[in-house]
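In what follows, chains carry the letters A, B, and so on, assigned in the order in which the sequence lines appear, proteins first and then strands, with residues in each chain numbered from 1.
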Amino acid sequence: MAHELSKAYDPSEIEKKWADFWVTEDLFSLPTPETSGKVFTLLLPPPNVTGRLHMGHMLNQTEMDIITRWKRMSGFKTLWLPGTDHAGIATQMMVERQLATEGKKRQDLGREAFIERVWEWRREYGGAIQDQMKRLGASVDWAREYFTMDENLSRAVREAFVRLYEDGLIYRGKYIVNWCPRCMTAISDLEVVHQETQGKLYEIRYPIIWSAQEAAERRSADAGMPEHIVVATTRPETMLGDTAIAVSPHDERYKNLVGLKVRVPLIGREIPIIADDWANPEFGTGAVKVTPAHDPNDFAIGKRHDLPQISVMDENARILEGIGDYGGLDRFKAREKILADLEAQNLLASVKDHTLSLGRCTRCNTVVEPRLSTQWFVKIQPLAEVAIQAVEDGHIRFTPEQYKKTYFEWMRNIHDWCISRQLWWGHRIPAWQCDACEKHTVARETPQKCAHCGRTELTQETDVLDTWFSSGLLPFTVFGWPDKTKDLEVFYPTSLLITGFDILFFWVARMIMLGCWFMKDRGLAESVPFKEVYIHALVRDAERQKMSKTKGNVVDPIQVIEQYGTDAVRFTLASLASPGTDIAFNPERVEGNRAFANKIWNAARFLFMHREKAGVHGIFWDGETFVASTRLEDVWIRAKLNAATVQVNAALAQYRFHEAAHVVYHFFWGEFCDWYLEIIKLRLNQGETSEDKATTCETLLYSHVIFDTALRLLSPFMPFITEEIWQALYEGKTPKPSIALAEFPISPDSLGEPQVAAGSRAAEDQMAILQALIVDIRAQRAELKVEPKIKVPINIFVNPDVKRIIENNQPMVEKLANVESIRFVDQSLAGSAGARVAPQYEMQVIYEQKIDAAAERERLNKDLVKLEKEFSNNQRQLGNEQFLSKAPAPVVEGLRRRAGELELLLEKTKSSLAQLG
RNA sequence: GGGCGCUUAACUCAGCGGUAGAGUGCCACCUUCACACGGUGGAAGUCGCAGGUUCGAAUCCUGCAGCGCCCACCA
């Protein structure tokens with residue numbers, strides 16, 4: 001492909017080109033390996049088919065892509081498996097909304113036609129998020145893409161349901177569930193979000209029914225005979241379904257009322273006063289109305305006391321016909337009317353402000369109504385026990401580790417899982433009800449006859465399964481389960497899961513439970529759906545607010561990408577992705593990383609320019625052996641690159657994306673560009689002799705090797721720009737079709753080459769002295785206000801060792817610090833005008849202009865204060881017997897060495913000050 | 001009511017037992033032949049508060065204050 005780089009870095013053009021290339025060349029498709037050795041598998045948390053890419057996705061996919069590319073380049077057979085989720089409620093709502101614009105409801109179409117309509121919708125609009133993923137450069141295996149409603153996955157869902165049923169873990173029953181009257185379906189506990197809401201607490205008088213006999217008894221006993229019992233409630237409309245009043249058995253106030261009957265106001269039903277521990281004497285009046293069909297606690301009381309369950313609302317949360325004057329009224333309208341009617345009868349004792357926690361549907365924000373209905377449940381305890389053990393035994397590792405606690409917390413207090421939904425879009429429950437005996441037959445295929453009575457008139461269950469039921473099975477169903485496939489054998493358990501904490505319970509926990517259960521014949525350690533979980537943070541806006549459509553602060557990743565380029569956005573997210581910390585995403589921050597990309601671009605152009613000038617082509621590298629050089633800057637940059645390599649590999653192994661990004665940024669900009677390229681300019685801008693040309697070629701070769709390695713180090717973070725430059729570097733003759741398939745750098749030092757390591761350390765020490773000297777000269781020039789273009793002579797006072805280092809690298813010092821000439825003197829320069837002292841050298845800038853004595857004195861005084869403070873700390877520690885005996889030797893040695901330096905520096909600084917007068 | 005975090009330079013965040021760091025922003029100078037999406041130099045922090053452990057604490061422990069998140073059936 002591209003052999004040369006355009007003058008200006010334009011991400012939009014190159015990103016489109018390579019995104020297409022990766023997909024059309026099928027670069028990331030992985031054939032099924034023979035064995036599971038060195039295989040890395042990652043499942044993409046399937047976005048909703050209705051989804052549009054948001055910053056959360058982008059962070060998630062950037063992290064997954066970095067890890068995936070890193071693993072792939074490091075020699076793993078890497079599979080990143082993409083897919084989309086059919087998202088029951090969300091998708092059904094979307095299509096219903098579309099129907100509504102045509103003035104239709106789903107009931108007008110009927111179940112089959114409606115489902116066909118959803119498929120149509122999916123064919124037309126369902127691919128949006130995949131297209132967006134391609135723009136991010138996500139290196140997934142598109143050939144294996146799945147959809148949770150695909151036939152093979154649907155078959156697996158039925159199989160899983162039937163097996164759980166056969167294991168006795170699925171039951172059907174009439175219980176209080178969370179009901180959304182707008183979605184008209186049951187939802188699980190997790191789909192209800194509780195909000196503190198300012199509401200009212202109403203106290204209502206229920207008239208006590210006194211029989212003549214009881215009344216007489218009371219009067220003779222002088223026991224008092226109250227007319228009413230007052231109950232407190234936040235939802236007066238449910239009184240229509242009251243079947244008892246409960247008081248605490250220990251509540252003296254009500255002791256002798258237990259067993260009596262009261263009349264439910266407005267409807268006149270007689271109900272008993274019962275004693276139950278649930279009633280809290282401290283709260284309200286101590287007496288609570290009991291409505292078993294509309295409250296989970298009341299449901300439990302009802303079971304204990306065998307109370308009738310009277311439902312008073314329909315599926316839309318309207319009062320049922322025939323109940324007082326309230327039939328057909330919406331629950332909140334009914335509440336108003338009931339309160340007014342109570343008031344009129346003087347039965348409303350009081351109304352108080354009361355904050356309560358109101359449950360709302362996560363989909364549509366409608367207030368959830370606890371409703372008595374028949375649903376399918378998963379008996380969760382047996383599944384949870386195994387899932388807890390899997391994590392306790394360390395078969396799944398959480399990063400950050402704190403999420404393990406959250407996971408245990410939830411798992412240990414888990415309730416049975418309501419898995420049926422009254423929707424049409426989804427996996428229909430494989431159960432058939434007998435028209436005659438009304439019992440259910442659960443089967444993989446449509447049964448011929450009832451399993452209980454043998455009759456043949458059967459009707460399939462109309463409910464579908466919770467979407468999370470099918471996604472909870474994905475880690476094995478995507479590999480062909482229930483069949484025993486090769487894929488399942490080599491890819492399961494997957495290696496890693498990267499996801500947000502918001503679906504820790506919805507998805508992560510359920511995958512663990514279901515995986516451990518269905519794969520249990522592999523043994524616990526191998527039954528888990530993934531070996532590691534990395535939980536990433538939330539992307540917030542620049543003000544740390546949660547992004548939300550209603551607040552209007554949602555940042556559209558595609559827009560930011562168009563402004564700065566995908567690479568810059570990816571790099572920004574990576575550099576902010578410190579485990580466990582939410583990300584405050586400010587688009588302005590991307591600017592800095594866009595500049596970084598530009599910097600790399602120009603570094604490449606610099607090398608290419610010289611390559612052209614020198615007529616040097618075909619600089620290729622096998623990616624393994626280092627080209628030798630003994631030049632200080634060459635050994636030094638190699639040592640720095642090795643260090644960066646070691647750090648990046650270590651950081652990625654711990655999902656410390658921010659650290660890896662920082663290391664690679666600092667290497668490229670702070671070391672390679674700022675120092676190395678500046679230094680080699682000396683060798684690249686040489687003359688025409690054959691010796692000069694040879695030097696240029698050597699220099700180019702060496703710098704290309706370094707640059708090539710650095711590009712591969714950066715590639716997982718910025719795949720596009722590195723691909724573009726890498727392809728150009730090899731002039732179309734790349735060793736691999738893509739940089740993404742090239743080798744990720746590993747440090748030669750880490751492979752055990754002690755003499756190389758020693759040489760590196762010496763080079764680093766020498767460069768550190770030269771760098772310090774150069775920086776000091778520059779600073780002194782700035783202080784003396786030497787015009788930038790003027791070269792100045794300098795004097796240096798050093799020991800012979802350092803002198804040799806400087807002499808060997810004199811052109812470097814002269815070029816980088818703009819020095820005319822260096823004179824080595826044999827007397828201390830401390831105190832001389834324009835001098836600076838360091839532990840290893842004394843340096844004086846010779847400049848005719850008069851020194852600003854005041855400024856110089858200020859600087860020296862500041863230095864002096866700092867030095868004195870450090871020295872006194874240093875001396876205090878070194879004078880401390882305890883420290884000397886207890887601190888580790890290297891620390892003590894370090895301080896001793898520093899003490900010597902400090903003494904010297906103090907002395908020199910003081911003498912300089914004295915000279916200034 | 002339970003549980004979990006966070007508080008370090010103007011801003012965003014690293015560091016988590018051995019002399020306070022980065023990026024952005026800010027100030028000054030420089031359009032030098034890769035890059036002004038640049039270069040060079042510089043200013044800027046009693047590491048929330050109070051105790052404790054330690055030779056040594058931003059780093060470990062306890063308490064307090066502020067901020068945030070998750071879970072939960074108290075009418």
Nearest-Å distance, CZ (A/Arg235) to P (B/rC74)? 13 Å
Hey, does A/Ala782 reach any base, or is it just sugar-phosphate, or nothing, if we go heavy atoms under 4.0 Å? sugar-phosphate
Sugar-phosphate only, base, or nothing, as touched by A/Val775 at under 4.0 Å among non-hydrogen atoms: sugar-phosphate
5' priority, RNA chain B, between A/Tyr665 and A/Phe883 [closest heavy atom]: A/Tyr665
Base, sugar-phosphate alone, or nothing: which one does A/Lys404 contact when heavy atoms must sit under 4.0 Å apart? nothing
Minimum side-chain heavy-atom gap A/Arg235-A/Pro370 below 4.5 Å: yes
Kindly assign one of parallel, tilted or perpendicular to the pair A/Phe717 and A/Phe571, based on the angle between their ring planes and the thresholds 30° and 60°. perpendicular
Using the side-chain heavy atoms of A/Asn598, tell me which of these nucleotides is nearest: B/rC73, B/rC37, B/rC74. B/rC37
Whole-Å gap separating C1' (B/rC37) and CG (A/Asn593): 11 Å
Can A/Thr406 and A/Glu409 be counted as having a side-chain donor-acceptor contact under 3.5 angstrom? no
What would the secondary structure line of RNA chain B be in dot-bracket form, counting Watson-Crick and G-U wobble pairs under 3.5 Å, with [ ] for pairs that cross earlier ones and | for pairs with another strand? ((((((((.[[[[.)..(..]]]].(((((.......))))).....[[[[[..)....]]]]])))))))....
Using nucleotides 1-12 of chain B, report all nitrogen or oxygen pairs with the protein that are shorter than 3.5 Å.
| from | atom 1 | to | atom 2 | distance (Å) |
| --- | --- | --- | --- | --- |
| B/rG5 | OP1 | A/Lys405 | NZ | 3.3 |

Which of parallel (below 30°), tilted (30 to 60°) and perpendicular (above 60°) describes A/Tyr655 and A/Phe657? tilted
N/O-N/O pairs, protein side and nucleotides 27-34 of chain B side, under 3.5 Å:
| from | atom 1 | to | atom 2 | distance (Å) |
| --- | --- | --- | --- | --- |
| B/rA34 | O2' | A/Asn602 | OD1 | 2.9 |
| B/rA34 | O2' | A/Arg605 | NH1 | 3.2 |
| B/rA34 | N7 | A/Lys681 | NZ | 3.3 |
| B/rA34 | N6 | A/Glu678 | OE2 | 3.1 |
| B/rA34 | N3 | A/Asn602 | O | 3.2 |
| B/rA34 | N3 | A/Ala603 | N | 3.3 |

Closest non-hydrogen contact found for A/Lys791 with A/Arg781 is CA-NH1, 4.2 Å
Is the shortest side-chain heavy-atom distance between A/Ile725 and A/Tyr9 below 4.5 Å? no
